[in-house]
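Take a look at the structure set out below.
To find a chain, count down the sequence lines: A is the first, B the second, and so on, and within it residues start at 1.
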2 protein chains.
Amino acid sequence: MNTDNFLQQLREQGFKLTGKRRAIVDILLEQDRYITAKELIKKLRDLYPSISVDTVYRNLNLLKEEKIVEESEFGEGGSRFRIRCSSQHHHHFVCLSCGRTEPLLECPMGLVDMVPKGFDVVSHRFEVHGYCSQCKK
Amino acid sequence: MNTDNFLQQLREQGFKLTGKRRAIVDILLEQDRYITAKELIKKLRDLYPSISVDTVYRNLNLLKEEKIVEESEFGEGGSRFRIRCSSQHHHHFVCLSCGRTEPLLECPMGLVDMVPKGFDVVSHRFEVHGYCSQCKK
DNA sequence: TTCGTTGCAAAGGATTTGCAGCGTA
DNA sequence: TACGCTGCAAATCCTTTGCAACGAA
């Protein structure tokens with residue numbers, strides 16, 4: 001997956017292809033981990049020193065709606081965002097220190113019956129938090 | 001479990017037993033589901049019309065630190081809180097409509113190896129969302 | 001009396017919105 | 001040209017904090 005794939009997908013929906021939008025996707029892609037909006041903005045300012053936070057949030061929301069980006073809430077400093085590189089359903093191990101993610105080996109929903117009878121399941125969330133091999137040292 | 005058990009626990013830590021604190025625990029206990037701070041405050045105002053939001057948040061934070069209350073973030077309108085009635089480790093099915101919770105039958109972490117080698121696991125989060133038998137109608 | 005608790009007012013941080021001008025297609 | 005995108009400023013929403021008065025033990 002590269003930036004152009006994602007931008008192409010947006011263009012097909014009638015959205016435009018701007019330098020700032022490209023930069024947002026670029027950065028998320030080269031990070032490939034959960035980062036806060038703040039971190040993202042900081043990196044964007046290297047290229048676009050005056051980019052406004054609203055633009056970033058508007059783009060993140062658009063990318064979320066298009067399922068290109070996913071959001072998770074852990075730690076401090078607001079939501080964190082990461083790009084969805086794989087289209088296959090899976091969950092993540094998330095490093096509490098650097099935000100790096102690693103796919104988990106299983107999805108619990110498929111393993112056994114988790115949910116008591118009588119409930120309609122719409123979605124589920126599974127996340128394992130800890131420290132990656134680099135950060136645990 | 002009843003309100004006095006929880007308040008007793010707080011008293012042993014040197015915290016005081018006020019009417020408002022009791023009311024907060026009472027309401028959380030009679031709800032036994034995830035509710036937003038807003039909903040909680042609304043219900044508290046029946047008994048204490050002028051209770052302030054800061055008192056509620058301060059108490060929720062205290063109860064969280066004492067592991068009496070747990071917080072989850074889903075849906076709109078900020079964090080949601082519920083009282084921990086059972087001391088046994090488990091996860092929940094959460095109704096997206098009414099916030100009702102139901103213990104899940106398994107904890108995925110015990111079932112198989114979920115996490116690739118080399119990662120230190122600190123915590124995990126598992127939640128299933130959907131509609132309960134009442135709300136799905 | 002002591003020290004935790006509360007309300008008030010204000011601040012804080014994250015995120016969103018209306019609007020007018022700009023830029024892509 | 002048309003319509004999406006952007007920055008600005010302001011607003012909104014949720015949550016926290018300092019301070020002085022209050023209240024439980």
Let me know the distance between [atom1] of [X] and [atom2] of [N], rounded to the nearest Å.
X        : N       : atom1 : atom2 : answer
Lys38(A) : dA14(C) : NZ    : C1'   : 9 Å
Glu71(B) : dC14(D) : CD    : P     : 14 Å
Glu76(B) : dC14(D) : CD    : P     : 10 Å
Glu66(B) : dT5(C)  : CD    : P     : 10 Å
Glu73(A) : dA14(C) : CD    : P     : 13 Å
Leu47(A) : dT6(D)  : CG    : C1'   : 16 Å
Leu63(B) : dT5(C)  : CG    : P     : 11 Å
Leu60(B) : dC14(D) : CG    : C1'   : 13 Å

Would you indicate whether the side-chain heavy atoms of Val69(B) and Asn59(B) approach each other to under 4.5 Å?
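They are not in contact (no side-chain heavy atoms under 4.5 Å apart), so the answer is no.
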Listed partners of Lys64(B) passing salt bridge (Lys or Arg N to Asp or Glu O under 4.0 Å), at least two apart
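Here the qualifying residues are Glu71(B).
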Indicate for each nucleotide in nucleotides 16-25 of chain D, in 5' to 3' sequence, whether protein heavy atoms under 4.0 Å reach the base (B), only the sugar-phosphate (S), or nothing (-).
BBB----BBS
Could you list the donor-acceptor pairs under 3.5 angstrom formed between side-chain atoms of residues 129-137 of chain B and any protein atom two or more places apart in sequence or on another chain?
residue   : atom : partner   : partner atom : Å
His129(B) : NE2  : Glu127(B) : OE1          : 2.7
Lys136(B) : NZ   : Gly118(A) : O            : 3.2

Does dT15(C) have OP1 or OP2 sitting under 4.0 Å from an N or O in the side chain of Ser79(A)?
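So the side chain of Ser79(A) is within the cut-off, an N or O lying under 4.0 Å from OP1 or OP2 of dT15(C).
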Between Ser52(B) and dG7(C), is there a side-chain N or O to OP1/OP2 distance below 4.0 Å?
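Answer is yes, contact under 4.0 Å.
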For residues 99-115 of chain A, which side-chain donor-acceptor pairs fall under 3.5 Å, sequence neighbours excluded?
residue   : atom : partner  : partner atom : Å
Thr101(A) : OG1  : Arg82(A) : NE           : 3.3
Thr101(A) : OG1  : Arg82(A) : NH2          : 3.1

Same apolar cluster (I L V M F W Y, side chains within < 4.5 Å links), Tyr34(B)/Ile68(B):
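No, because Tyr34(B) and Ile68(B) fall into different hydrophobic clusters, even though each may have its own neighbours under 4.5 Å.
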Are Ile83(B) and Val94(B) connected, step by step, through hydrophobic side chains (Ile, Leu, Val, Met, Phe, Trp, Tyr) whose heavy atoms are closer than 4.5 Å?
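No; tracing contacts between hydrophobic side chains, which count when under 4.5 Å, never links both residues.
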Any Lys/Arg nitrogen of Glu30(A) or Lys43(A) sitting under 4.0 Å from an Asp/Glu carboxylate oxygen of the other?
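The answer is no: the pair does not qualify as a salt bridge.
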Taking everything shown except Arg11(B) itself, do over 12 heavy atoms lie less than 6.0 Å from its CZ?
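Incorrect, the count does not exceed 12.
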Sequence neighbours left out, what passes side chain to side chain contact (heavy atoms under 4.5 Å, CB included) with Phe15(A)? Give chain and number order.
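Phe15(A) satisfies side chain to side chain contact (heavy atoms under 4.5 Å, CB included) with Leu10(A), Gln13(A), Arg21(A), Leu62(A), Glu66(A) once adjacent residues are dropped.
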Angle between terminal axes - the helix from dT1(C)-dA25(D) to dA25(C)-dT1(D), 5 pairs each end, rounded to 10°
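Comparing the axis at each end, I get an angle of 40°.
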